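Please read all numbers here as calculations on a predicted model, not as lab measurements. In what follows, every heavy atom counts, from backbone to side chain, and hydrogens, waters and symmetry copies are set aside.
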Amino acid sequence: MHPILLKLGPITIYTYGLFIASGFLAGTYLASLWAKKEDVDSQNIMDLSFYLILAAIIGSRLLYILLNIKYYLSYPRAFWRIWEGG
């Protein structure tokens with residue numbers, strides 16, 4: 001598999017990120033369809049999806065920091081640089 005799917009100037013689309021995003025969107029869509037079928041408010045699914053993606057971003061960043069704790073103890077300002085990993 002190619003790690004970089006598409007590169008347009010400063011914009012890089014990574015294969016792994018595209019598949020993660022498309023899987024999340026497909027799961028949200030299918031859960032919304034299921035909610036309508038089961039007579040559940042589909043807005044609850046959308047709200048839950050927002051909180052899930054937020055928790056995933058925060059949790060993955062915290063795990064990345066814990067795995068590289070020596071670096072972040074030396075450079076605590078790097079904690080907020082989410083584009084560098086996690």
Treating [X] as the side-chain partner and [Y] as the backbone partner, does any N or O pair qualify as donor plus acceptor under 3.5 Å?
X	Y	result
R61	F79	yes
S74	K70	yes
S32	S42	no

Within 6.0 angstrom of F24 CZ, more than 12 heavy atoms from elsewhere: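 Counting neighbours around CZ of F24, more than 12 heavy atoms of other residues, nucleotides or ligands fall under 6.0 Å, so yes.
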Crowded around Y71 OH? As in, over 12 foreign heavy atoms under 6.0 Å? yes
To the nearest 0.5 Å, what is the distance between [atom1] on [X] and [atom2] on [Y]?
X	Y	atom1	atom2	value
L25	I20	CG	CD1	11.5 Å
I53	I58	CD1	CD1	11.0 Å
I65	I82	CD1	CD1	10.5 Å

State yes or no: do [X] and [Y] share one hydrophobic cluster built from I, L, V, M, F, W and Y residues joined by side-chain heavy-atom distances below 4.5 Å, directly or via other members?
X	Y	answer
Y75	Y64	yes
Y72	L62	yes
L67	I69	no
I11	Y14	no
M46	F50	no

If you take all heavy atoms of T28 and I45, which pair is closest and at what distance?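 Nearest heavy atoms, T28 then I45: O-CG2, 4.0 Å.
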Do you know the tightest heavy-atom contact between T15 and I4? OG1-C, 4.1 Å
Would L8 and L6 count as a side chain to side chain contact (heavy atoms under 4.5 Å, CB included) here? Give the steps. CA-CA 7 Å; L8 298 169; L6 183 64; 4.1 Å; yes
